[in-house]
Participant: 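One structure, as structure tokens, below. Some questions next.
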Number of protein chains: 2
Amino acid sequence: MRKRATRRPAIAVSASGTHRSAGRPAQKVLSKELITSAALKLIEASGYDALTMSALARRLGVAPSALYNHVKSKHDVLLLLQDHLMNGVDVSGFGTLPWPEAVRNWAWSYRDVFAQHSPLIPVIAVLPVTGAPRTLQMYEELTRGFLDAGWPEPLVVPAIVALESFIFGSAFDVAAPEDIFETGELADSSPHFTSAVRARQLPADGAPADAAFRLGLDGLISGLDAQRREWADAASTAG
Amino acid sequence: MRKRATRRPAIAVSASGTHRSAGRPAQKVLSKELITSAALKLIEASGYDALTMSALARRLGVAPSALYNHVKSKHDVLLLLQDHLMNGVDVSGFGTLPWPEAVRNWAWSYRDVFAQHSPLIPVIAVLPVTGAPRTLQMYEELTRGFLDAGWPEPLVVPAIVALESFIFGSAFDVAAPEDIFETGELADSSPHFTSAVRARQLPADGAPADAAFRLGLDGLISGLDAQRREWADAASTAG
DNA sequence: ACCTGAACACCGTTCAAGT
DNA sequence: ACCTGAACACCGTTCAAGT
């Protein structure tokens with residue numbers, strides 16, 4: 001059932017359509033930046049299924065094996081993409097807005113970016129920050145924002161991780177089909193759930209995923225803030 | 001760099017080692033249940049990379065193509081696994097324990113199960129409940145627990161989705177390497193974050209992921225409970 | 001150093017043939 | 001209906017040869 005695409009020949013053809021013979025070219029035709037932007041265009045045009053090393057090479061007018069002079073593996077390409085996308089995450093609120101609003105803005109923009117790139121989430125969630133400079137920069141600004149808001153240093157990283165976990169999970173949820181909770185023929189065996197699905201609060205303006213994200217994010221932000229105060233109280237009592 | 005395994009011949013060999021010739025066998029040798037448990041054993045022994053249709057067939061003493069009489073695709077196998085694993089999620093607290101404790105127990109067991117099966121998370125997060133009877137049963141018991149605890153029906157599904165999103169994201173986090181936040185050579189450009197990583201609260205008994213999960217879960221539970229109360233207040237004022 | 005082109009060792013899936 | 005065995009259309013990756 002696989003769609004059979006009309007394939008151009010496998011030989012490398014540059015953007016201008018002229019053939020390039022083997023051997024080191026006069027000036028390099030590839031770079032990490034070019035690979036990243038070509039991958040992004042490919043995904044925007046045809047989705048993550050279309051992101052193969054072959055397709056990427058074809059779009060760059062190069063043989064697939066040429067990519068391996070710049071990346072170690074396809075996983076490397078995903079890391080490049082991930083770090084690039086961090087540019088789209090809004091950390092501008094930290095330092096200007098109160099902590100809850102700054103976190104809220106950050107979280108929504110973070111979720112929105114990766115909802116469009118959910119196949120990257122398993123990659124990010126496990127990604128060492130070494131070699132992901134933009135990601136690290138985001139963590140730095142985030143940390144400064146938390147400390148400025150009075151967060152005790154030992155809680156900053158766990159709080160960020162907790163928020164990120166919620167964001168990653170929620171980004172998947174955006175990709176879920178509308179009818180994910182339709183119980184169908186099994187409705188009789190799950191009467192309470194079936195009824196709750198029908199009665200669920202849906203935002204007038206947005207998708208069902210937005211209602212859950214708003215509820216959870218607001219709950220998480222106020223709950224974390226309460227734990228910060230508890231920690232401060234315990235510390236002042238103990239000290 | 002791929003490891004080259006010594007392969008047995010591709011012809012189907014039953015568990016007893018005798019060869020089975022083509023044609024419908026006297027009694028069926030496969031079923032969804034057998035496929036599910038073989039897949040589980042394969043994953044436990046060698047991880048998700050080893051879960052290929054070929055390897056699955058080999059373990060079942062069958063040709064790969066035989067699997068397609070029982071599942072439509074490899075994705076189908078993942079769905080079978082996912083629903084099976086829901087047996088390990090603890091919903092026993094609902095109806096006996098107070099809501100926060102019941103939710104806490106459920107969330108920890110849910111995270112623990114899927115932390116061991118993180119490749120399934122992208123599958124579950126988008127899975128229609130139709131055709132996942134155990135999953136649906138879990139939602140039913142969860143919904144009953146929420147309603148019994150006084151949750152307004154419109155908020156039940158969004159609250160469950162928010163908790164699940166946090167759980168899925170946290171399950172990935174368990175799989176992350178210990179040194180995920182080591183900033184390495186970039187430490188100079190991220191002084192606050194580097195310091196916060198060193199100062200972070202680590203549980204004496206568990207992994208770093210556990211500290212973040214506990215912090216986030218407790219925050220989320222108390223934050224959601226507060227929103228439930230707000231909703232009830234607004235409703236009584238409006239009514 | 002950085003490209004080409006051929007080759008390698010896999011994948012998941014389909015399908016005619018067999019009982 | 002439910003197996004086998006061969007074939008198909010891909011994958012990602014490696015490597016000698018070329019400049």
Side-chain angles (χ1 to χ4, degrees), chain A residues 1-16 18-35 39 42 46 48-58 60-79 119 123, chain B residues 1-16 18-35 39 42 46 48-58 60-79 119 123:
Chain A
M1 264 324 202
R2 207 183 269 271
K3 224 183 303 175
R4 158 193 275 276
T6 10
R7 301 288 303 273
R8 276 184 265 160
I11 58 164
V13 171
S14 76
S16 60
T18 57
H19 180 256
R20 183 171 42 245
S21 54
R24 185 185 186 188
Q27 54 183 28
K28 50 156 47 192
V29 296
L30 286 182
S31 69
K32 281 185 165 56
E33 290 69 29
L34 282 171
I35 291 171
L42 199 50
S46 319
Y48 272 86
D49 282 351
L51 180 63
T52 68
M53 296 302 268
S54 285
L56 192 51
R58 203 177 316 136
L60 287 160
V62 110
S65 52
L67 296 169
Y68 291 87
N69 290 307
H70 302 266
V71 294
K72 287 204 307 294
S73 63
K74 183 177 179 180
H75 188 250
D76 249 25
V77 176
L78 299 181
L79 296 186
V123 172
Chain B
M1 266 319 206
R2 208 183 270 270
K3 225 185 300 177
R4 158 193 275 274
T6 11
R7 301 288 302 272
R8 277 185 265 159
I11 57 164
V13 171
S14 76
S16 60
T18 58
H19 181 255
R20 184 172 39 245
S21 54
R24 187 188 185 186
Q27 53 182 30
K28 50 155 49 191
V29 296
L30 286 181
S31 69
K32 281 185 164 58
E33 289 71 27
L34 283 171
I35 291 171
L42 198 52
S46 319
Y48 272 86
D49 283 351
L51 180 63
T52 67
M53 297 301 268
S54 286
L56 193 50
R58 204 179 314 137
L60 287 160
V62 111
S65 52
L67 295 169
Y68 292 87
N69 290 307
H70 302 266
V71 294
K72 288 202 307 292
S73 63
K74 183 177 180 180
H75 188 251
D76 249 24
V77 176
L78 299 181
L79 296 186
V123 173

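Just so we're on the same page: letters track the sequence lines, and every chain starts at 1.
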Participant: Rounded to the nearest 0.5 Å, what separates atom CZ in A:Arg58 from atom CG in A:Leu60?
Facilitator: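 Separation between the atoms: 11.5 Å.
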Participant: Please report the distance, rounded to the nearest Å, between CE in B:Met53 and P in C:dT13.
Facilitator: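 B:Met53 atom CE is separated from C:dT13 atom P by 6 Å.
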Participant: Any base atoms under 4.0 Å from B:Ser65, or only sugar-phosphate, or nothing? Heavy atoms, all strands.
Facilitator: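 Counting heavy atoms under 4.0 Å across all strands, the contact made by B:Ser65 includes a base.
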Participant: Rounded to whole angstroms, how far apart are CG on A:Leu51 and C1' on D:dG12?
Facilitator: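 That distance rounds to 12 Å.
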Participant: Under 4.5 Å between any side-chain heavy atoms of A:Val62 and A:Arg20, yes or no?
Facilitator: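 Result yes, sub-4.5 Å side-chain heavy-atom pair found.
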Participant: Expressed in angstrom and rounded to an integer, what is the separation of A:Arg20 atom CZ from C:dT4 atom C1'?
Facilitator: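 One finds 9 Å between C1' of C:dT4 and CZ of A:Arg20, rounded.
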Participant: Using whole Å, what does the distance between atom P of nucleotide D:dA6 and atom OH of B:Tyr68 come to?
Facilitator: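 Result: 18 Å.
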Participant: Rounded to the nearest angstrom, tell me the gap between atom CG in A:Leu78 and atom C1' in D:dG12.
Facilitator: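 Spelled out: CG on A:Leu78 to C1' on D:dG12 is 12 Å.
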Participant: Choosing from D:dG12, C:dG5, C:dT13, which nucleotide comes nearest the side chain of A:Lys74?
Facilitator: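 Given the options D:dG12, C:dG5, C:dT13, the side chain of A:Lys74 is closest to D:dG12.
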Participant: What are the residues of residues 21-31 of chain A, sorted by number, that bring a heavy atom to within less than 4.0 Å of DNA chain D?
Facilitator: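 Within residues 21-31 of chain A, the residues near DNA chain D are A:Gly23, A:Arg24.
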Participant: If only side-chain N and O atoms of A:His70 are considered, is one of them under 4.0 Å from the OP1 or OP2 phosphate oxygen of C:dC3?
Facilitator: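 Checking A:His70 against C:dC3: at least one side-chain N or O falls below 4.0 Å of OP1 or OP2.
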Participant: Determine the minimum heavy-atom distance between A:Ala39 and A:Val77, stating which atoms define it.
Facilitator: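 Result for this residue pair: CB-CG1, 4.2 Å.
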Participant: If you check the A:Thr52 side chain, which of D:dC11, D:dT14, C:dC2 turns out closest?
Facilitator: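 Nearest listed nucleotide: D:dC11.
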Participant: Starting at CG of A:Leu67, measure out to CG of A:Asp76 and round the result to the nearest 0.5 Å.
Facilitator: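 Interatomic distance, A:Leu67 CG to A:Asp76 CG, rounded to 0.5 Å: 11.0 Å.
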Participant: So, the side chain of A:Lys32 versus the backbone of A:His70: is there a donor-acceptor pair under 3.5 Å, distance only?
Facilitator: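 Judged by distance alone, yes, a pair lies under 3.5 Å.
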Participant: Which dot-bracket string fits DNA chain D when only Watson-Crick or G-U wobble pairs with both atom distances under 3.5 Å count, crossing pairs get [ ], and | stands for a partner on a different strand?
Facilitator: ||.|||||...|||||.||
Participant: Using modelled atom types and a 3.5 Å cut-off, is there a donor and acceptor pairing between side-chain atoms of A:Lys74 and backbone atoms of A:Met53?
Facilitator: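 Flag not set: sc A:Lys74 to bb A:Met53 has no pair under 3.5 Å.
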Participant: Nearest 0.5 Å please: distance from the CG atom of A:Asp49 over to the CG atom of A:Leu42.
Facilitator: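 Reported to 0.5 Å precision, the distance equals 11.0 Å.
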Participant: CG of A:Leu67 versus P of D:dT14: gap in Å, rounded?
Facilitator: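 Distance, rounded to whole Å: 13 Å.
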Participant: Can you measure A:Arg58 atom CZ to C:dT4 atom C1' for me and round it to whole angstrom units?
Facilitator: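 Answer to the nearest Å: 16 Å.
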Participant: Give the intermediate values and the outcome of side-chain contact (heavy atoms from CB on, under 4.5 Å) for residues B:Ile35 and B:Leu56.
Facilitator: CA-CA 8 Å; B:Ile35 291 171; B:Leu56 193 50; 4.1 Å; yes
Participant: To the nearest 0.5 Å, what is the distance between CG on B:Leu78 and OH on B:Tyr48?
Facilitator: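 Answer for the CG-OH pair, B:Leu78 versus B:Tyr48, is 7.0 Å.
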Participant: Rounded to the nearest Å, what distance is computed from the CG atom of residue A:Leu56 to the C1' atom of nucleotide D:dC11?
Facilitator: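 Those two atoms, CG and C1', are 14 Å apart.
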